[in-house]
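All values derive from a computational prediction rather than experimental measurement. Note that ligands are numbered from 1 as they come in the structure, with each ligand's atoms numbered from 1 the same way.
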Amino acid sequence: MTLLKILTYPDPFLREPTKPVADIDDEIQTIIEDMAETMYEAPGVGLAAIQAGIDKSIIVYDPDADVEKKDFHVLINPEIVFSEGEMVSENEGCLSVPDLRADVKRSEKVTVEALDRNGNPLKIEAVGLLSVILQHEIDHLKGILFIDRISALKRQLYKKKRRKALKSEPTV
Ligand code: GNR
Ligand code: NI
């Protein structure tokens, strides 16, 4: 198992659209295991492959984020096929957007279709935290970050803060 490096804003790779997985082969299984390990280590409740520099349509998530159980879920080629309602996800954060928590307007309920890691089709109807995680991760697969969904003013302030932080970061 390998820990993957999580890319952070403004890495342009985070804006790349991802490619659907055609064959769920051993290489994909290895990527899934490495993504899960990376998510627990971070720690986070979800991770999209693009955050680890892999432009494939794969997400892993675990709303409990319980590193003891490591009972994670895998979605391959996920799509939101239905959504309804509106909610505000309070204090949303992203491993690829360091040092920012913000309220984000999301759909209240989503229906997601995907393949599991064995290639079997599945359908999830989600509300609450799971609905937010799925919307957040599926956004990543389209090159969308949660800062794209906050007010322009907050986004500008974050960009400025991030530029400053990166400038003063010591070079290794
Ligand atoms: O760990 C994470 N926490 C979180 C909290 C609220 C809404 C979404 C998330 S996802 C995030 C991990 C991450 O960046 N996944 O892409
Ligand atoms: Ni994220």
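Contact between S89 and ligand 1 is absent, with no heavy atom of the residue lying under 4.0 Å from the ligand. In this structure, V45 is part of the shell of residues with a heavy atom less than 4.0 angstrom from ligand 1.
Of the candidates G93, A48, G44, P63, G93 brings a heavy atom nearest to atom 11 (C) of ligand 1. When the options R106, E137, E92 are ranked by their closest heavy atom to atom 6 (C) of ligand 1, first place goes to E92. The closest non-hydrogen atom to atom 12 (C) of ligand 1, taken over P43, G46, A42, A65, comes from G46.
Angle NE2 (H140) to the Ni ion (ligand 2) to NE2 (H136): 100°, rounded to 10°.
Classification of R117 and E33 as a salt-bridged pair holds, one side-chain N sitting under 4.0 Å from a carboxylate O. One finds no salt bridge joining E37 and K70 here, because no Lys/Arg side-chain nitrogen approaches an Asp/Glu carboxylate oxygen to under 4.0 Å. Under 4.0 Å is where a charged nitrogen must lie from a carboxylate oxygen, and between K142 and D148 no such pair does. Salt bridge annotation for D139-R149: present, with a cationic side-chain nitrogen under 4.0 angstrom from a carboxylate oxygen.
Follow the hydrophobic side-chain contacts under 4.5 Å out from I6 and you reach M39 in the same cluster.
Under a 4.0 Å criterion applied to the non-hydrogen atoms of V132, ligand 1 contributes the atoms 7 (C). If you number the atoms of ligand 1 from 1 as listed, the ones under 4.0 Å from a heavy atom of C94 come out as 14 (O). Shown in contact with H140 at under 4.0 Å from a heavy atom are these atoms of ligand 1, numbered in order with element: 16 (O).
At least one N/O-N/O distance between H136 and ligand 1 falls below 3.5 Å. Of the N or O atoms in Q51, one or more lie within a sub-3.5 Å distance of an N or O in ligand 1.
No side-chain heavy atom of Y9 sits under 4.5 Å from any side-chain heavy atom of L100.
Counting non-hydrogen atoms of other residues, nucleotides and ligands closer than 6.0 Å to CD of E79 gives a total of 12 or fewer. No more than 12 heavy atoms of other residues, nucleotides or ligands lie within 6.0 Å of CG in D26, so this atom counts as exposed by the packing criterion.
For atom 14 (O) of ligand 1, the closest heavy atom belonging to the protein is L95 N, 2.9 Å.
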